[in-house]
Amino acid sequence: MMGIFFVFTLLFWQTESLFVSSCGLFEILISYPCGLFVWHVIFQQPYVTYLMYSGIFVILGIGADDIFVLSDAFKQASLQPPHISGSLETRFAWAYNRAASAMLATSLTTCAAFASCAVSPIWDIAAFGCVAATMILADYLLVITWLPAAMIVNERYLQNCCTWCAPKHLSNCLMRCMGIKRGAHVAEKETAEKAAITERRAYQVESVEKQSSSFNTPVTELGLENGEGGIELKVSTSGSSLSSSGEDNTVFSHDKPSNAAPRMLEEFYSGPYADFVIKHAKVIVAFFACLLVASIVTTLLCIEADTEQTSFFEDSHFWVKSQSASGDRFGVTASEEVSFLPIKLSFGLKPTDPWSLDGVHPCDVRTDVASTKAHFKPKRDLADHQVALSEACASFMVTLTEQGNADATSGAPGYDCWIDDFKAWLTSTKGRAFPVVPAADFRALAVEWRDTQAADMGFRYAFATGFLEDGERVTFSFASFNTTATVKDLLRGALGFGDMWELYDDAEAARKDAEAASQLDGAVQAAPFYAGMVSGQAFLTAAISNLTAGLLLAVLVIGGMTLNWKLTGIAVLALANVVSLVFFLMVVFQWKINVIESIGISLAAGMAVDYVLHLAHSYNHQSGADPAEKVRGCLAEMGISITYGCITSFSACVALYLCDFLWFKIFGYFITMIITSSFFVSMLGMMAALVCFGPGEAPDGEIKLPAWMGGQGHTQDGA
């Protein structure tokens, strides 16, 4: 609720309309159920993951950013010549054409970044990616349909409604309550704005009179209706009634300039800030070039994967302290006999591709594992390897003990291998020698042993050792070996990823010794804690691949939007600077790449491209040959939208800072790092680079499309 309140407050302040801000917030929030609908109904997935909830905070920032872009473009349309600012239709058409394409490009790249997570083999990541990508798509469709309709309704019918709650009125009331007098420049600005409105409406009267006279239609009545929210032109002719609120569809062709005043932040970006960037452009470019090199070198030298498991809470949290205290006083489990971490050795799988990631692990087999999505060796009958199975288990335990990873004399039960229990049962109950001869009787006797003895074995057969058969032969066998590592070590983080990988390597050596001693190939060893190791590696691999794919897509989108190789090159360098700066901050804050960091890296390119692309798109449509003046116009147009977007995204993430759940908190930190880095680089470094190296008038840096693509070069225009 805190994030929603912050975002709504900024929307209300920026749009200056309670109706538009409410419609905008509805558009943002309804995107989340749209994502859940696709996940639950279309994909038939009954469960959700906690990662999905972080998508709410992402869409709050992204959705508000799109609203600011369209709203600011509509307001800036009033600053254009009268053939644009003269009517609601022309103002809206100009703003919509300018904003819709930019929002499409940014939404496309961000949506693709999330969609790349949707194909992850890890279910939680795939769920988050699917829902988040759908949210971005739904928000874009709403911001180009629902929000424009709301803005037009507000402009036509609600301008004079509830003026008491307008931000300007509320701020004036607050200043009066605090005893603060308004500055003279504020009053002068309001007077200028009213004069500009009056002049624009008077110009409309003149234009309508000229238009009516050209059609020999006399004007019988002209009037200006004044209200707190604005002035509406009423025109009556002998045959019709025209209104400046939009019913006449009149397009004014005169090129008389409007005197509407820009807002304070627009004046700042187009004035003092632009002057600073232009004056010190070379120094700024040199600084960011050094920052890019330093951040890349620092990242390559210092960034590393986390060797500890991801914690759910900080060490100072009550839950962590209570777990440590209970473990010290009472032990992790009721019985230390079962607190050792086991390694399971199995036979009957394809060693090169033993199981599907989305299926039950065959080394966690239970009595109902017939549906296990494992890849078994075809036509493998373990009846031919009865003695080898026993020898392999004995050899595996000996090697683990020699390595110091197992100790049968320390009170641990050693290992469980069902074939040894079966051998004892066979000789004592059936009076038959081991191995079973003929081998064709082995399966039936093994099933009889399981049915008569498994109930007595209880936990051991269900979790520690057992076999699978298909009605004709025994196809799969597994045994468990207790290591010296304990569940207590795992829960308290004493067993880090580095220790796990060391144990894995030792177990692999023991597996090879077991195969050599028994002459039985195809052994696979696994342990429950391997899942964390493999998922951590999968997260890191996916993060790098998703980041690379996001950067490549961003290059294509920027190039396609601008059709200028100079502008695309500068934008891509800015994007690379943003990503490298995020990595540099991770090193500064001593972060290591773990699960939530990997997700953030996957999204970095898609989220970082927004500000860069908005500025590149705006620069590309500035008229003139001087890059410095094009930068000034670009800052005047997009500076205010990007600033409000950055503030909104930051405000939405503030709520995540207060979460006890560490994953949400880290995700909030990471998103904040991305948006602040993107704002800093795009608004300062990229603008300075465009001053120094940006393209002037076409065809400077122009990408000429072939004729079959309909290309005749790209023409820059100020409209």
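In what follows, residues are counted from 1 in the order of the sequence shown. For clarity, every value in this text was computed on a predicted model and none was experimentally measured.
Residues passing the side-chain hydrogen bond (donor to acceptor under 3.5 Å, both in side chains) test with D610, sequence neighbours excluded: T110. Residues passing the ring-ring contact (aromatic ring centres under 6.0 Å, His included) test with Y657 are Y669, sequence neighbours excluded. T568 pairs by the side-chain hydrogen bond (donor to acceptor under 3.5 Å, both in side chains) definition with T562, not counting sequence neighbours. Applying the side-chain contact (heavy atoms from CB on, under 4.5 Å) rule to L552 yields the partners T548; only residues at least two apart in sequence or on another chain are considered. For V557, the side-chain contact (heavy atoms from CB on, under 4.5 Å) test picks out A105, L108, T109, L553, M561, L613, with sequence neighbours left out. For T106, there are no side-chain hydrogen bond (donor to acceptor under 3.5 Å, both in side chains) partners, not counting sequence neighbours. Residues passing the side-chain hydrogen bond (donor to acceptor under 3.5 Å, both in side chains) test with N97: none are found, sequence neighbours excluded. Take A73 and apply the side-chain contact (heavy atoms from CB on, under 4.5 Å) test, not counting sequence neighbours, and it matches A95, R98, A99.
Using a 4.0 Å cut-off between a side-chain N of Lys or Arg and a carboxylate O of Asp or Glu, R91 and E155 qualify as a salt bridge. Under the 4.0 Å criterion applied to side-chain N and carboxylate O atoms, R156 and E89 are assigned as salt-bridge partners.
Closest non-hydrogen pair, M686 versus A571, comes out as CE-CB, 4.1 Å. Summarising the geometry of S71 relative to Q14, their closest heavy-atom pair is OG-OE1, 3.4 Å, with the distance given to 0.1 Å. Between T672 and C653, the shortest heavy-atom contact is OG1-CB, 3.6 Å. Closest non-hydrogen pair, M135 versus G55, comes out as CE-O, 3.3 Å. Closest heavy-atom contact between Y273 and M683: OH-O, 2.7 Å. P695 and P627 get closest at one heavy-atom pair: O-CG, 4.3 Å.
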Identify each donor-acceptor pair in which a side-chain atom of residues 20-28 lies under 3.5 Å from a protein atom, sequence neighbours left out, and give them as a table.
unit_1, atom_1, unit_2, atom_2, d
S21, OG, S17, O, 2.8
S21, OG, L18, O, 3.0
S22, OG, L18, O, 2.7

Atom pairs and distances, donor-acceptor, side-chain atoms in residues 575-588, under 3.5 Å, two or more places apart:
unit_1, atom_1, unit_2, atom_2, d
N577, ND2, F288, O, 3.2
S580, OG, S295, OG, 3.0
S580, OG, A576, O, 3.0
S580, OG, N577, O, 3.0

>> With side-chain contact (heavy atoms from CB on, under 4.5 Å) as the criterion, how do Q622 and R632 come out once you've worked through the C-alpha distance, each side chain's angles and the decisive distance to 0.1 Å?
In response: CA-CA 9 Å; Q622 299 296 318; R632 188 185 301 277; over 6 Å; no
> Stepwise, does the side-chain contact (heavy atoms from CB on, under 4.5 Å) test hold for V609 with I558?
Replying inline: CA-CA 9 Å; V609 75; I558 295 172; 4.2 Å; yes
>> Could you go through Y611 and C646, starting from their C-alpha distance and side-chain angles, then the distance that decides it, and tell me whether this counts as side-chain contact (heavy atoms from CB on, under 4.5 Å)?
In response: CA-CA 9 Å; Y611 301 158; C646 181; 3.6 Å; yes
> How far apart are the C-alpha atoms of M151 and T15, what are their side-chain angles, what is the distance that settles it, and do they pass the side-chain contact (heavy atoms from CB on, under 4.5 Å) test?
Replying inline: CA-CA 9 Å; M151 293 172 62; T15 61; over 6 Å; no
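Side-chain contact between E702 and K566 is absent, with no heavy atoms from C-beta onward closer than 4.5 Å. By the 4.5 Å heavy-atom criterion applied to side chains, F6 and I647 are not counted as neighbours. Annotation: side chain of V555 is not in contact with side chain of L551 (no heavy-atom distance under 4.5 Å). Looking only at side-chain heavy atoms (C-beta outward), K282 and C692 come within less than 4.5 Å of each other. For the pair V153 and F19, the minimum side-chain heavy-atom distance is below 4.5 Å. A heavy-atom distance below 4.5 Å is found between the side chains of F276 and I284. Within the 4.5 Å cutoff, side-chain heavy atoms of L567 are placed close to those of L690.
Distance CG/L70 to CE/M103: 5.0 Å, rounded to 0.5 Å. I144 CD1 to D66 CG: the interatomic distance, rounded to the nearest 0.5 Å, is 10.0 Å. Once rounded to the nearest 0.5 Å, the distance linking CG of D65 with OG of S649 reads 6.5 Å. Here the OG atom belonging to S270 is positioned 9.5 Å from the CG atom belonging to L265, to the nearest 0.5 angstrom. To the nearest 0.5 Å, atoms CH2 (W13) and OG1 (T648) are separated by 14.0 Å. The CD1 atom of I152 sits 9.5 Å away from atom OH of Y96, with the distance rounded to the nearest 0.5 Å.
When only modelled atom types and interatomic distance are considered, H617 and S101 share a side-chain donor-acceptor pair under 3.5 Å. A donor-acceptor contact under 3.5 angstrom links the side chains of Q76 and E266, judged on distance only.
A donor-acceptor pair under 3.5 Å is formed between the side chain of T90 and the backbone N or O of I84. K630 places a side-chain N or O within 3.5 Å of a backbone atom of G696 that can act as its donor or acceptor partner. For T676 (side chain) and M673 (main-chain N/O), a donor-acceptor pair under 3.5 Å exists by modelled atom type. A donor-acceptor pair is defined here as one N or O able to donate and one able to accept, closer than 3.5 Å; no such pair exists between the side chain of N154 and the backbone of A150. Counting only distance, with no hydrogens or angles, the side chain of S678 and the backbone of I674 share no donor-acceptor pair below 3.5 Å.
Ring-plane geometry between F12 and F8 is classed as parallel, the angle between the planes falling under 30 degrees on a 0 to 90 degree scale with a further cut at 60. Ring-plane geometry between F92 and F74 is classed as perpendicular, the angle between the planes exceeding 60 degrees on a 0 to 90 degree scale with a lower cut at 30.
Residue pairs satisfying the ring-ring contact (aromatic ring centres under 6.0 Å, His included) criterion with at least one member in residues 632-654, sequence neighbours excluded, are listed as follows: F68-Y644. Annotation: salt bridge (Lys or Arg N to Asp or Glu O under 4.0 Å) contacts involving residues 644-657, sequence neighbours excluded, are absent.
Screening I570, V631, N564 for a side chain to side chain contact (heavy atoms under 4.5 Å, CB included) with Y619, the sole residue that qualifies is V631.
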